[in-house]
Student: 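Have a look at the structure that comes next, please.
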Amino acid sequence: MAYEQMNSSVTQIRNYLGKDYFLRFKIPENLIDNFLQFVYTSENIQPYISSGNFEAVKIPIEKYLPIYQRRLRNSHLQDVINK
């Protein structure tokens, strides 16, 4: 149930902000959901989503962006997905 709620929330955030929002931050399109799952599991953003306050979600997104980008550079996740 928690997994379904996370996936629903990730979809809602992605639909609200649009892919260009993430591409502007150098998040590859094929990793947007992965990034949002990372943010979702790192910080309690569900109350924002439940209340429809998607603008408030931008704060944790921008907070975790450098951490995710560093992890992306240090991992082979992007290489594996691009093959």
Student: Quick one: which residue pairs count as a salt bridge (Lys or Arg N to Asp or Glu O under 4.0 Å) with a foot in residues 34-47, not counting sequence neighbours?
Tutor: Glu43-Lys63
Student: With a cut-off of 3.5 Å and sequence neighbours excluded, list every side-chain donor-acceptor pair involving residues 21-28.
Tutor:
{"from": "Tyr21", "atom 1": "OH", "to": "Glu62", "atom 2": "OE2", "distance (Å)": "3.2"}

Student: Step by step, work out the side chain to side chain donor-acceptor pair (under 3.5 Å) result for Ser8 and Glu4.
Tutor: CA-CA 6 Å; Ser8 171; Glu4 289 175 13; over 6 Å; no
Student: Does any donor atom in the side chain of Thr41 or Gln37 lie under 3.5 Å from an acceptor atom in the other side chain?
Tutor: no
Student: Let's go through Asp33 and Thr11 carefully: what are the C-alpha distance in whole Å and the side-chain angles of both, what is the deciding distance for side chain to side chain contact (heavy atoms under 4.5 Å, CB included) to 0.1 Å, and is it a yes or a no?
Tutor: CA-CA 8 Å; Asp33 284 1; Thr11 300; 5.7 Å; no
Student: Do Tyr16 and Ile59 belong to the same hydrophobic cluster, where Ile, Leu, Val, Met, Phe, Trp and Tyr are linked whenever their side-chain heavy atoms lie under 4.5 Å apart, directly or via other members?
Tutor: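 No, Tyr16 does not connect to Ile59 through the hydrophobic network.
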Student: What's the spacing between Ile45 CD1 and Asn53 CG if we round to 0.5 Å?
Tutor: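 It is 11.5 Å, given to the nearest 0.5 Å.
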Student: Which value, rounded to the nearest 0.5 Å, describes the distance between Asp20 atom CG and Glu29 atom CD?
Tutor: 8.5 Å
Student: Before you tell me yes or no, could you show the steps for Tyr68 and Asn34 under side chain to side chain contact (heavy atoms under 4.5 Å, CB included), namely the whole-Å CA-CA distance, both residues' side-chain angles and the distance that decides it to 0.1 Å?
Tutor: CA-CA 10 Å; Tyr68 185 80; Asn34 182 269; 2.6 Å; yes
Student: On a heavy-atom basis, which atom in Val10 and which in Leu36 lie closest, and how many Å separate them?
Tutor: O-CD1, 3.6 Å
Student: Using a distance-only test with no angle check, is there a side-chain donor-acceptor pair under 3.5 angstrom linking Tyr40 and Gln46?
Tutor: yes
Student: Kindly indicate, with the supporting measurements, whether the criterion side chain to side chain contact (heavy atoms under 4.5 Å, CB included) is fulfilled by Ile13 and Ile61.
Tutor: CA-CA 10 Å; Ile13 295 166; Ile61 284 176; 4.2 Å; yes
Student: Between Tyr64 and Ser42, which heavy-atom pair has the shortest distance, and what is it?
Tutor: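 In terms of heavy atoms, the two residues are closest at OH-O, 3.3 Å.
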Student: Are Ile67 and Leu65 co-members of a hydrophobic cluster defined by side-chain heavy atoms under 4.5 Å apart?
Tutor: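 Same cluster.
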Student: Find the distance between CD (Gln69) and CZ (Phe35) and round it off to the nearest 0.5 Å.
Tutor: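 CZ of Phe35 is found 7.5 Å from CD of Gln69.
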